[in-house]
Structures are given as structure tokens and as C-alpha cells.
Protein chains: 2
Amino acid sequence: MGLSTAMVRNAFLVNAAYSENSREYGFSPQQGQLLCILRSQPYGMGELGAVLGLAKSSVTGLVDRLERGGLVRREPDPADSRAVRVALTARGGKIADQFYTETRERILGLAAGLTDAERETLAALLARIADENNVSVIFMDLD
Amino acid sequence: MGLSTAMVRNAFLVNAAYSENSREYGFSPQQGQLLCILRSQPYGMGELGAVLGLAKSSVTGLVDRLERGGLVRREPDPADSRAVRVALTARGGKIADQFYTETRERILGLAAGLTDAERETLAALLARIADENNVSVIFMDLD
DNA sequence: TACCGATAATTCGGTGTACGAACTCACGGC
DNA sequence: GCCGTGAGTTCGTACACCGAATTATCGGTA
């Protein structure tokens with residue numbers, strides 16, 4: 001199996017894990033992704049678009065729906081009254097952490113057949129790729 | 001960076017590559033994915049749902065739109081008159097090959113900073129994960 | 001101070017994605 | 001010849017995206 005094929009299939013597995021777990025929580029994969037991003041800090045709408053690779057107008061609705069569900073809140077930006085800071089609510093923070101942890105486990109489970117050394121090698125190589133393509137900070141432990 | 005984080009970020013990169021390339025061709029990522037799957041052989045609607053992890057009713061519309069664009073065709077299954085075989089048209093086959101090749105290059109480009117040996121190691125590890133989680137056959141060279 | 005281009009975000013209209021439930025129709029065993 | 005099962009479609013609903021147009025503020029400049 002060539003590298004590109006292996007990468008595509010792994011992306012498919014990760015997407016599926018993400019989707020299934022989101023579904024169990026009653027939200028869409030995109031909403032789950034946004035919750036994970038907000039775990040580290042609040043973001044402005046424009047920033048979210050940049051991080052997610054979406055048009056600003058797409059972010060509006062995404063945040064709307066999470067806000068309607070009480071997981072997220074729009075706060076006025078103290079330094080710029082045009083801007084808005086999107087932050088997790090108390091409930092949203094709890095759910096986001098739980099969702100993150102479960103998703104993390106599910107994804108690690110995909111690599112359960114590898115030895116510790118292999119997992120370490122894999123993590124290092126994938127991290128190189130991520131770094132060299134300056135991916136958005138999309139999923140991370142908070143420690 | 002932990003393994004799960006690295007995997008999620010790489011999936012994000014692959015998704016983005018897929019999306020951007022699809023967009024250049026004027027179709028959605030899902031449509032591009034379907035075209036790549038059909039490169040190897042025709043599939044029934046139910047099979048497609050299983051391969052893609054979608055409900056049957058979702059596949060109907062996906063195929064409808066590609067058929068409207070003349071990239072795909074529904075053929076009657078000679079052995080079962082309830083069933084349908086979805087196949088690439090001549091034009092669809094050309095476009096699918098071109099799309100596949102470009103996407104492949106784009107994804108390999110993500111790993112451009114790795115040495116040949118590293119790429120080989122990475123491919124082997126990812127292939128193990130794919131095999132052990134019996135992923136659908138979603139992206140592949142035809143040789 | 002008054003102006004004006006740039007920027008943050010929303011609104012709007014349109015298309016695509018996805019689901020489950022209900023339906024049609026052919027298959028195939030009995 | 002009947003009937004349960006399986007293949008696909010239809011329908012209604014909700015979400016995900018986008019680009020273009022809009023509103024309101026920011027900040028530099030005359």
C-alpha cells in the first residue's frame with residue numbers, strides 16, 4: 001500500500017471515529033471539532049474561520065447552533081466592539097473535555113495493534129508532517 | 001505531540017487537500033471520494049453505502065448529482081432487476097483518474113519533508129492500522 | 001474633527017450532505 | 001402462488017458550506 005493510500009485511509013478512520021463519537025453526543029462532527037478547539041481558549045469568529053478553513057459566513061451558523069444548545073457563548077470583545085469572543089459555557093466545557101477524552105481513546109484504539117515503540121515512531125513522523133504544514137491547532141491535550 | 005493529536009491533525013490535512021482539489025474540479029469532497037471508489041469497478045447502491053459508511057438514502061442523492069453531471073451512470077444489474085450498478089461514464093473515468101492523480105500528489109506533498117526511509121516507515125505503520133481496522137477500499141492505485 | 005478605507009461579523013439565497021421512516025418492487029424459499 | 005426479505009427511491013428535516021451584500025466599528029489621515 002502506497003503512502004498516499006495509507007494516509008487517506010487513516011484519515012477516513014479518524015473521521016469515522018470523530019463522527020461516531022459526535023453522534024453519540026448529539027452533535028455534528030464539525031460541532032465537536034469546534035468544541036475541542038475552544039477548550040484551549042476563546043476565539044473570535046474570524047479566527048475560527050481561519051483555523052477551521054471555513055468562510056466566515058459558515059462559522060456564524062455553526063456557532064449559532066452550539067449557542068442554541070447552551071454549549072458556547074458569544075462574549076463582547078472588550079478591546080473591539082465589532083468583535084466577539086466565542087467561549088465554552090460551564091456545561092460546554094465539561095462536555096467538551098469528556099468528548100475530547102473519549103474521542104482521543106477511540107482514535108488511540110485504532111493503533112492498538114502497534115507496539116509502544118511503533119506508536120512512538122508513528123507519532124513522531126506524523127508530528128513532523130503536521131508541523132511542516134503548519135496545521136491549525138485543532139486537537140490537543142491541555143497540560 | 002501525542003499520537004492521537006498527530007493523527008487528528010494529519011486527517012485534517014488530508015481532508016483539506018481532498019476538499020481543495022475537489023473544489024478545483026467543481027465537485028464536493030464526497031463526490032470526489034465516490035469517483036475514486038468507482039475507478040476500480042462498478043458498485044451497487046447498497047455497497048456504496050457500506051463502503052462510505054452512509055445510509056442508503058444518502059447515497060441516492062450523491063449518485064443523482066454525479067449522474068446529472070454526466071460523470072456516473074446507473075446501469076441495471078443483469079442478475080437482479082431490483083438492483084443497480086453505478087459505473088463511471090467515459091468522461092467520468094478520465095476525470096476520476098486525473099482527480100485521483102492530482103489528489104495523490106497533493107497528499108504526498110504533505111510528507112515532502114520526510115526522507116525516503118521515513119516515508120516508507122510511515123507508510124508501513126499506517127498500512128498496518130488501516131489493515132487492522134478493515135477500512136473500506138477507498139483510495140488506491142489500479143496497478 | 002470629520003472623513004474614509006479596512007475589518008468583524010451577520011444576513012440572505014442557494015446547493016450539497018445526511019438521516020430515518022415510509023414506500024415500491026423484484027427475489028426466492030416454501 | 002404467497003410472503004418475508006432485500007435493493008432503491010422518496011419525503012421531510014436539519015445541518016454544512018459558500019459568495020455577495022450589509023451593518024457597524026476601528027483607526028489613520030486631512
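First the proteins, then the strands, lettered A, B, ... as listed; each starts at 1. Since we're looking at a predicted model, the values are computed, not measured.
A straight line from OH of Tyr18(A) to P of dA18(C) spans 17 Å, rounded to a whole angstrom. Taking atom CD on Glu47(B) and atom C1' on dG8(D), their separation rounds to 13 Å, with Å as the unit. Distance, Arg68(B) CZ to dG16(C) C1': 10 Å, rounded to whole Å. Atom-to-atom, CG of Asn15(B) to P of dT17(C) comes out at 15 Å; the value is rounded to the nearest Å. Here dA7(D) presents its P atom at 6 Å from CZ of Arg82(B), a figure rounded to the nearest Å. Here the C1' atom of nucleotide dA18(C) and the CE atom of Met45(B) are 14 Å apart, to the nearest Å. Rounded to whole Å, atom P of dT17(C) lies 11 Å from atom CG of Asp64(B).
At distances below 3.5 Å, at least one donor-acceptor pair connects side-chain atoms of Glu118(B) with backbone N or O atoms of Thr115(B).
Between Arg104(B) atom CZ and Leu3(A) atom CG the span is 9.0 Å, to the nearest 0.5 Å. Going from atom CG of Asn10(B) over to atom CG of Leu122(A) covers 8.5 Å, rounded to the nearest 0.5 Å.
Residues satisfying the salt bridge (Lys or Arg N to Asp or Glu O under 4.0 Å) test with Glu120(A), not counting sequence neighbours, are none.
Against DNA chain C, the stretch residues 48-62 of chain A makes heavy-atom approaches under 4.0 Å through Lys56(A), Ser57(A), Thr60(A). Shown for residues 22-44 of chain B: residues whose heavy atoms fall under 4.0 angstrom of DNA chain C, namely Ser28(B), Gln30(B), Gln31(B).
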List the steps and the verdict of side-chain contact (heavy atoms from CB on, under 4.5 Å) for Met1(A) and Asp131(B).
-> CA-CA 10 Å; Met1(A) 189 186 306; Asp131(B) 284 342; 3.8 Å; yes
Glu102(A) vs Tyr25(A), side-chain hydrogen bond (donor to acceptor under 3.5 Å, both in side chains): CA-CA, chis, key distance, verdict | CA-CA 11 Å; Glu102(A) 271 187 35; Tyr25(A) 276 81; 2.9 Å; yes
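Contact annotation: Arg74(A) does not reach the phosphate of dA9(C) (side-chain N/O to OP1 or OP2, under 4.0 Å).
A distance below 6.0 Å separates the ring centres of Phe27(A) and Phe99(A).
Counting only heavy atoms from C-beta outward, the side chains of Val63(B) and Leu34(B) approach each other to under 4.5 Å.
The residues Glu47(B) and Arg85(B) are annotated as salt-bridged, a charged nitrogen and a carboxylate oxygen being separated by less than 4.0 angstrom.
For dG16(C), the base has no donor-acceptor partner in the side chain of Arg65(B) [N/O atoms by modelled type, under 3.5 angstrom].
The residue Asp80(B) sits close only to the backbone: its heavy atoms come under 4.0 Å of sugar-phosphate atoms, none of a base.
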